[in-house]
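Worth saying up front: this structure is predicted, and the values here are computed from it rather than measured. Every heavy atom of this structure was used, including side-chain atoms; hydrogens, water molecules and symmetry mates were not.
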Amino acid sequence: MCKVTFFNHAPSSHAKGAITKAGITVIGAALTLLGLVFLLLPGPGLLLIISGLALLSTQYAWAKLALRRSQRKLTQSAAWLDGMTRRLLR
C-alpha cells in the first residue's frame, strides 16, 4: 500500500538555497553597516566591514571585488605604516 500525503513539509532544494542566500545577505549587510557605524564610534569598524564583505562575497560578485580592493588597500596601508615606524625608530 502506498501512503499518500497532501503536504510536503520538507522544503525543496531551491527554497533552501533562497533561504540561505537571504540569510547570508541579511547578516552580511548587517555586519557591513555596523562596521560603518563603528568607523565613527569606538569599535572594530574595519574588522566588521571586512567580515561582512567576506560573507557577502560568497553570494555576490560585487562584494568579492570590494573585498579584494579593501584587502589591497589594507596591505598598502600596513606597508606604509611599517615603513614609517622603521624610519622613526632609526
Of all pairs that satisfy salt bridge (Lys or Arg N to Asp or Glu O under 4.0 Å), the ones with a partner from residues 43-72, not counting sequence neighbours: none
Counterpart residues, side chain to side chain donor-acceptor pair (under 3.5 Å), relative to Arg87 (two or more places apart): none
Cluster companions of Phe38 among Ile, Leu, Val, Met, Phe, Trp, Tyr (side-chain spacing under 4.5 Å): Ile24, Ile27, Leu31, Leu34, Val37, Leu41, Leu48, Leu55
Contact list for residues 73-83, test side chain to side chain donor-acceptor pair (under 3.5 Å), sequence neighbours left out: Asp82-Arg86
Closest non-hydrogen atom pair between Ala63 and Leu53, with its separation: CB-O, 4.1 Å
Pairing residues for Leu39 by the side chain to side chain contact (heavy atoms under 4.5 Å, CB included) criterion, not counting sequence neighbours: Leu36, Leu46, Ile49
Selection residues 30-59 - residue pairs positive for side chain to side chain donor-acceptor pair (under 3.5 Å), sequence neighbours left out: none
Ring pair (Phe, Tyr, Trp, His ring centres under 6.0 Å): pairs with one or both residues in residues 45-74, sequence neighbours excluded: Tyr60-Trp62
Nonpolar side-chain network containing Leu89, other nodes, edges under 4.5 Å: none
